[in-house]
Amino acid sequence: MEVARPSTSAAKAGESALKQTSEWRRTLRLFRQNQGAVVGAVVFTLIVLIAIFAPALAPYDPAAQDPVNSLTGPSLSHPFGFDNLGRDVFSRVIEGSRQSLLVGLIAIGIAVTLGTLIGLLTGYYEGWIDTVFQRLIDILLAFPGLLLSLTIVAVLGPGLRNAMIAVGISLIPSYARMVRGSVLSAKHAAYVESARTIGCRDGRVIFRHVLPNVAVPILVLSTIGFAWSILIGASLSFLGLGAQPPAPEWGRDLSDGRNYLSIAWWIATFPGLAIMLTILSINLVGDGLRDALDPRLRTR
């Protein structure tokens, strides 16, 4: 009596799933070996949790004014002191984390979505569509990110929502150029040619076969872009073009405290430290992901 053997396709599917699981485990192991990346991940996780539970964690109303305690320094009950309007700086830093991270999240979402779509289409089809978009991208890349964001906000008008859109648009060229380069090399791979041979439509080939193989560089660039978008968003708020008062936001609070550095250093120092820790933690995570996903290190 013959024993039924598993089909070849099922065996290959099992081997592929096992290989993918092994790759993820190896990536996680390499990431955990990077102490800086682990510290960055822990710090950034804490910042995200603070932003999520900010209303419960803030001990005071961040918009409440107490003129009697205006410019009063740090104390046990108010560890970050009061600002020039008598508002609790500690509560404003906690609540401001929501605004700053939201700017980064929305902006990077816009940049990744539109930049990836443009890169996929231009890299896969090339021809006139590639020429047109690449010339537009070259024009956008001629402007520094902050200057481009300032220009867009000047057109749209000041406000947190417009700042998110401006930052997102300023980051699109980097993603479009990077994805295009990855697609140009991936679309000639054997598995893509095989998909075309069996009659797969272009949409299926692009999103089912090409996109997953350019996801790694997108992920690594997204960490850098997330940090950069937070920094640009804070810069726009610092210039009065982002979050508007009395909303707490790190860049805005940093701007409010710059005129009091000589007599009330805490007003600008603590929002500045919050920006620094957030950017540093994200960059450490990005470096760890880059090293863990580097093919040259996966033989360890």
Side-chain angles (χ1 to χ4, degrees), residues 31 34-54 57 80 89-90 92-112 115 144-150 153 160 163-175 178 217-243 247-258 261 265-293:
F31 183 85
N34 189 325
Q35 295 182 355
V38 173
V39 172
V42 172
V43 172
F44 182 65
T45 301
L46 290 176
I47 294 173
V48 171
L49 291 176
I50 289 173
I52 293 174
F53 300 104
L57 295 176
F80 290 0
V89 176
F90 181 66
R92 291 188 65 81
V93 169
I94 291 177
E95 287 283 353
S97 63
R98 282 191 154 192
Q99 304 289 344
S100 297
L101 292 182
L102 183 62
V103 171
L105 183 62
I106 299 299
I108 204 65
I110 294 173
V112 171
L146 181 57
L147 180 58
L148 182 58
S149 298
L150 285 171
V153 170
L160 189 64
M164 297 175 189
I165 297 174
V167 176
I169 294 175
S170 69
L171 295 175
I172 288 176
S174 300
Y175 287 90
M178 184 272 297
I218 294 175
L219 176 62
V220 175
L221 186 60
S222 295
T223 58
I224 301 173
F226 186 48
W228 182 243
S229 61
I230 291 176
L231 186 59
I232 297 181
S235 300
L236 292 176
S237 295
F238 181 87
L239 297 173
L241 299 174
E249 201 274 341
W250 292 339
R252 182 72 199 182
D253 290 346
L254 186 61
S255 177
D256 291 341
R258 61 179 171 171
L261 285 174
W265 54 267
W266 52 88
I267 301 177
T269 299
F270 292 112
L273 287 175
I275 296 173
M276 183 196 71
L277 284 175
T278 303
I279 302 300
L280 180 60
S281 64
I282 295 174
N283 284 337
L284 288 174
V285 172
D287 290 342
L289 285 175
R290 181 198 60 199
D291 295 341
L293 295 169

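Hydrogens, waters and symmetry mates play no part in the numbers below; they use all other heavy atoms, side chains included.
With rounding to the nearest 0.5 angstrom, the CE atom of Met164 is 7.0 Å from the CD atom of Gln99. We find the CD-CD distance between Glu95 and Glu249 to be 12.5 Å, quoted to the nearest 0.5 Å. How far CD1 of Ile267 is from CG of Leu261: 8.5 Å, rounded to the nearest 0.5 Å. Atoms OG and CG, from Ser149 and Leu236 in turn, are 5.5 Å apart once rounded to the nearest 0.5 Å. Of the inter-residue distances, the one linking Thr45 atom OG1 with Ile47 atom CD1 reads 9.0 Å to the nearest 0.5 angstrom. Going from atom CG of Leu101 over to atom OG of Ser229 covers 9.5 Å, rounded to the nearest 0.5 Å.
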Please determine whether side-chain contact (heavy atoms from CB on, under 4.5 Å) holds for the pair Ile108 and Tyr175, giving the CA-CA distance in whole Å, both sets of side-chain angles, and the decisive distance to 0.1 Å. CA-CA 10 Å; Ile108 204 65; Tyr175 287 90; 2.9 Å; yes

Q.
Go through it in stages, so that I can follow the logic: the residues are Arg258 and Leu254, the test is side-chain contact (heavy atoms from CB on, under 4.5 Å), and I'd like the CA-CA distance, side-chain angles, deciding distance and then a yes or no.
A. CA-CA 6 Å; Arg258 61 179 171 171; Leu254 186 61; over 6 Å; no

task: Give the C-alpha distance, both sets of side-chain angles, the deciding distance and a yes or no for side-chain contact (heavy atoms from CB on, under 4.5 Å) between Ile218 and Met178.
output: CA-CA 8 Å; Ile218 294 175; Met178 184 272 297; 3.8 Å; yes

message = Test side-chain contact (heavy atoms from CB on, under 4.5 Å) on Ile230 and Val103; report intermediate values, then the result.
response = CA-CA 6 Å; Ile230 291 176; Val103 171; over 6 Å; no

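Residues satisfying the salt bridge (Lys or Arg N to Asp or Glu O under 4.0 Å) test with Asp287, not counting sequence neighbours, are Arg290. Phe80 is linked by a ring-ring contact (aromatic ring centres under 6.0 Å, His included) to Phe90, Phe270, counting only residues two or more places apart in sequence or in another chain.
A pairwise comparison of heavy atoms in Ser97 and Ala51 identifies OG-CA, 3.3 Å as the closest pair. Taking every heavy atom of both residues into account, Trp228 and Leu171 meet most closely at CD1-CD2, 3.2 Å. Here the shortest heavy-atom pairing between Leu146 and Ser235 reads CD1-CB, 4.0 Å. Scanning all heavy atoms of the two residues, the minimum distance from Phe31 to Ala292 falls at N-CB, 3.8 Å. Closest of all the heavy-atom pairs between Asp253 and Pro248 is OD2-CA, 4.2 Å. Looking at every heavy atom in both residues, Ser170 comes nearest to Val167 through OG-O, 2.6 Å.
Here the side chain of Arg98 pairs a donor or acceptor atom with the backbone of Ile52 at under 3.5 angstrom. No donor-acceptor pair closer than 3.5 Å links the side chain of Ser255 to the backbone N or O of Gly251.
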Donor-acceptor contacts, no H, no angles, side chain residues 273-282, under 3.5 Å, sequence neighbours left out:
unit_1, atom_1, unit_2, atom_2, d
Thr278, OG1, Ala274, O, 2.8
Ser281, OG, Leu277, O, 3.1
Ser281, OG, Thr278, O, 2.8

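Residues Val153 and Leu239 form no side-chain contact, since every pair of their non-hydrogen atoms from C-beta on lies 4.5 Å or further apart.
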